[in-house]
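A quick write-up on the structure given underneath.
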Amino acid sequence: QVQLVESGGGTVESGGSLRLSCLVSGTSYSDNCLAWFRQAPGKEREGVAAFHLAGGNTYYADSLKARAHISQDYYNHTAFLRLNSLQAEDTAMYYCAALPQKTNSWCTTYEKYTYWGRGTQVTVSS
């Protein structure tokens with residue numbers, strides 16, 4: 001059974017940084033795309049970053065491109081999303097999700113993601 005568990009959220013002051021973690025289990029780790037999403041109250045869910053866990057290119061939404069960095073600890077099956085220069089509009093629930101794929105062809109096709117964590121809340125105070 002594929003499981004994803006996010007952690008690292010919290011309340012941070014405007015301009016601050018956070019690093020979110022996503023522990024992946026129950027799947028062949030490197031045969032997946034991994035994406036981060038966020039959903040703010042009253043707004044649609046938004047894919048913000050994605051990459052293939054076997055390595056390669058990383059992809060970012062324009063809303064976060066200069067302020068986000070996606071990475072992983074391959075051996076501990078954990079993906080990370082670092083968010084810098086956080087602003088009030090970044091307040092949202094952040095989720096990681098996995099899409100079983102052997103290549104990165106579909107990593108930015110966000111509607112295809114199959115397995116989801118429960119999310120971690122990020123609140124930016126002004």
Side-chain angles (χ1 to χ4, degrees):
Q1 181 180 356
V2 180
Q3 288 191 318
L4 298 96
V5 180
E6 303 94 338
S7 61
T11 300
V12 62
E13 291 186 353
S14 179
S17 299
L18 281 175
R19 189 179 76 161
L20 308 182
S21 300
C22 174
L23 176 63
V24 181
S25 62
T27 180
S28 180
Y29 180 78
S30 61
D31 287 343
N32 287 274
C33 294
L34 191 288
W36 287 93
F37 296 78
R38 68 182 180 181
Q39 188 165 21
K43 293 189 176 181
E44 291 187 358
R45 187 172 60 200
E46 173 190 19
V48 298
F51 71 135
H52 198 277
L53 292 173
N57 293 335
T58 55
Y59 306 95
Y60 299 95
D62 288 342
S63 58
L64 277 175
K65 196 166 189 175
R67 301 186 292 117
H69 180 67
I70 195 169
S71 62
Q72 65 174 317
D73 178 347
Y74 184 90
Y75 295 103
N76 288 302
H77 292 186
T78 301
F80 303 101
L81 177 68
R82 181 164 182 87
L83 302 168
N84 299 316
S85 302
L86 284 162
Q87 305 298 320
E89 55 264 34
D90 297 316
T91 295
M93 185 70 81
Y94 284 74
Y95 302 88
C96 62
L99 170 63
Q101 288 287 320
K102 291 188 181 293
T103 71
N104 67 355
S105 300
W106 296 98
C107 288
T108 56
T109 307
Y110 292 121
E111 60 268 27
K112 287 190 173 290
Y113 277 76
T114 311
Y115 300 103
W116 293 82
R118 293 188 174 185
T120 186
Q121 176 69 36
V122 172
T123 301
V124 183
S125 63
S126 57

Using the rule that Ile, Leu, Val, Met, Phe, Trp and Tyr join whenever any side-chain heavy atoms are under 4.5 Å apart, tell me whether [X] and [Y] fall into a single cluster.
X     : Y      : result
Leu20 : Val48  : yes
Leu34 : Tyr94  : yes
Val2  : Tyr113 : no
Leu64 : Phe37  : no
Tyr75 : Val24  : yes

- Stepwise side-chain contact (heavy atoms from CB on, under 4.5 Å) check, Gln3 with Tyr115: CA-CA 7 Å; Gln3 288 191 318; Tyr115 300 103; over 6 Å; no

- Query: Do Arg19's NZ or CZ and the ring of Phe80 fall within the cation-pi criteria of under 6.0 Å and 45°?
  - Reply: yes

- Item | side-chain contact (heavy atoms from CB on, under 4.5 Å) between Asp90 and Arg38, intermediate numbers included | CA-CA 9 Å; Asp90 297 316; Arg38 68 182 180 181; 2.9 Å; yes

Taking the side chain as every heavy atom from C-beta outward, state whether [X] and [Y] have any pair of such atoms under 4.5 Å apart.
X     : Y     : answer
Glu6  : Tyr95 : yes
Ser63 : Glu46 : yes
Tyr59 : Ile70 : no

- Task: Tell me, with the steps shown, if Val122 and Leu18 meet side-chain contact (heavy atoms from CB on, under 4.5 Å).
- Result: CA-CA 9 Å; Val122 172; Leu18 281 175; 3.8 Å; yes

Can you tell me how far apart [atom1] ([X]) and [atom2] ([Y]) are? Round to the nearest 0.5 Å.
X      : Y     : atom1 : atom2 : value
His69  : Arg82 : NE2   : CZ    : 9.5 Å
Cys33  : His52 : SG    : NE2   : 4.5 Å
Thr11  : Leu86 : OG1   : CG    : 11.5 Å
Thr108 : Phe51 : OG1   : CZ    : 14.0 Å
His77  : Thr27 : NE2   : OG1   : 9.5 Å
Glu111 : Leu99 : CD    : CG    : 10.0 Å

- Query: CH2 of Trp106: more than 12 outside heavy atoms within 6.0 angstrom?
  - Reply: no

- Task: For atom CD of Glu13, decide whether the heavy atoms of other residues, nucleotides or ligands shown that lie under 6.0 angstrom number more than 12.
- Result: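 Atom CD in Glu13 is not crowded, with 12 or fewer foreign heavy atoms closer than 6.0 Å.
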
Least distance between heavy atoms, [X] atom then [Y] atom:
X     : Y      : answer
Ser30 : Ala54  : O-CB, 3.6 Å
Asn32 : Ala98  : OD1-CB, 4.0 Å
Gly8  : Thr120 : N-OG1, 4.1 Å
Gln87 : Ser14  : OE1-OG, 3.4 Å

- Item | Donor-acceptor side-chain pairing of Thr78 and Gln72 below 3.5 angstrom |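 Distance-only check fails for Thr78 and Gln72.
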
- Task: Using only heavy-atom distances, determine whether the side chains of Asn84 and Ser17 contain a donor-acceptor pair under 3.5 Å.
- Result: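 There is such a pair (donor and acceptor under 3.5 Å, judged by atom type) between the side chains of Asn84 and Ser17.
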
- Message: Would the distance check show the side chain of Gln39 and the main-chain N or O of Lys43 forming a donor-acceptor pair, the cut-off being under 3.5 Å?
- Response: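 A pair under 3.5 Å: yes.
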
- Task: Spell out, as yes or no, whether a donor-acceptor pair under 3.5 Å connects the side chain of Asn104 to the backbone of Cys107.
- Result: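 A pair under 3.5 Å: no.
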
- Message: Which label fits Tyr74 and Tyr29: parallel for a plane angle under 30°, tilted from 30 to 60°, or perpendicular past 60°?
- Response: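 Perpendicular: the ring planes of Tyr74 and Tyr29 meet at over 60°.
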
- Can you check side-chain contact (heavy atoms from CB on, under 4.5 Å) on Trp36 and Cys22, steps first, answer last? CA-CA 9 Å; Trp36 287 93; Cys22 174; 3.6 Å; yes

